[in-house]
Amino acid sequence: MMFNNLAQGWHNTKRVMGDAWNHTTKLAAQFDSGMKVGRRLLASVAPIFDQLGGSQHLKPIMSGLTAYDKGKSDVMQGYNNVAHHYNRIRRTVPELEL
């Protein structure tokens with residue numbers, strides 16, 4: 001009886017954590033897609049700002065995009081680290097059915 005409760009708890013925990021992971025990665029992908037669109041839009045309007053003499057207004061935006069790229073790189077490194085350990089645990093302990 002106690003083993004069944006533990007097994008059911010483990011199954012529910014895996015489901016909740018898996019759903020949270022999937023939703024988080026989907027949200028991050030959508031955000032990144034929006035950033036790509038914004039970057040392309042900025043690249044297309046930059047000549048207009050240059051022509052009108054307002055290119056100094058683009059510098060803070062460009063530094064923000066540079067900071068985003070650095071943050072994205074750090075997040076992707078962490079994501080790859082988690083995926084590596086997850087796959088290692090899954091191979092080593094198949095009884096967990098991850």
Side-chain angles (χ1 to χ4, degrees):
M1 181 71 155
M2 184 175 133
F3 181 74
N4 288 338
N5 289 339
L6 285 173
Q8 185 178 12
W10 175 246
H11 175 73
N12 288 336
T13 301
K14 285 192 320 182
R15 181 183 52 79
V16 168
M17 293 300 290
D19 288 349
W21 180 262
N22 290 332
H23 290 301
T24 302
T25 55
K26 182 178 178 182
L27 180 66
Q30 290 172 342
F31 181 77
D32 190 49
S33 177
M35 290 298 289
K36 287 177 185 176
V37 169
R39 187 183 303 265
R40 288 196 321 259
L41 177 63
L42 182 63
S44 68
V45 299
I48 297 169
F49 279 95
D50 287 340
Q51 186 178 19
L52 297 174
S55 61
Q56 72 274 9
H57 299 296
L58 295 179
K59 289 180 183 177
I61 297 171
M62 294 306 290
S63 68
L65 290 173
T66 302
Y68 170 76
D69 289 338
K70 168 99 174 73
K72 179 183 172 187
S73 173
D74 293 344
V75 167
M76 289 307 297
Q77 184 178 3
Y79 174 85
N80 291 335
N81 190 24
V82 168
H84 170 74
H85 289 299
Y86 171 77
N87 288 329
R88 183 180 52 80
I89 292 168
R90 195 168 68 174
R91 278 191 316 270
T92 306
V93 190
E95 295 84 6
L96 293 177
E97 298 177 4
L98 297 175

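Taken together through direct or relayed side-chain contacts under 4.5 Å among Ile, Leu, Val, Met, Phe, Trp and Tyr, Tyr86 and Trp10 form part of one hydrophobic cluster.
Annotation: the span from Leu65 atom CG to Leu58 atom CG amounts to 10.0 Å, rounded to 0.5 Å. A distance of 11.5 Å separates CE in Met62 from NZ in Lys59, rounded to the nearest 0.5 Å. Here the straight-line distance linking atom CG of Leu27 with atom CD of Gln30 works out to 6.0 Å at 0.5 Å rounding. Between atom NE2 of residue His85 and atom CG of residue Asn81 there is a gap of 4.0 Å, rounded to the nearest 0.5 Å.
At most 12 heavy atoms of other shown residues, nucleotides or ligands fall within 6.0 angstrom of atom CD in Gln77.
Taking the ring-ring contact (aromatic ring centres under 6.0 Å, His included) definition, one finds that Tyr68 meets it with Phe31, sequence neighbours left out.
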What's the verdict on side chain to side chain contact (heavy atoms under 4.5 Å, CB included) for Met35 and Asp69, showing C-alpha distance, side-chain angles and the deciding distance? CA-CA 10 Å; Met35 290 298 289; Asp69 289 338; over 6 Å; no
Show every donor-acceptor pair shorter than 3.5 Å between a side-chain atom in residues 44-54 and any protein atom, with sequence neighbours excluded, or say none if there are none.
residue : atom : partner : partner atom : Å
Ser44   : OG   : Leu41   : O            : 2.7

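Residue pairs meeting the side-chain hydrogen bond (donor to acceptor under 3.5 Å, both in side chains) criterion with at least one partner in residues 19-29, sequence neighbours excluded, are absent.
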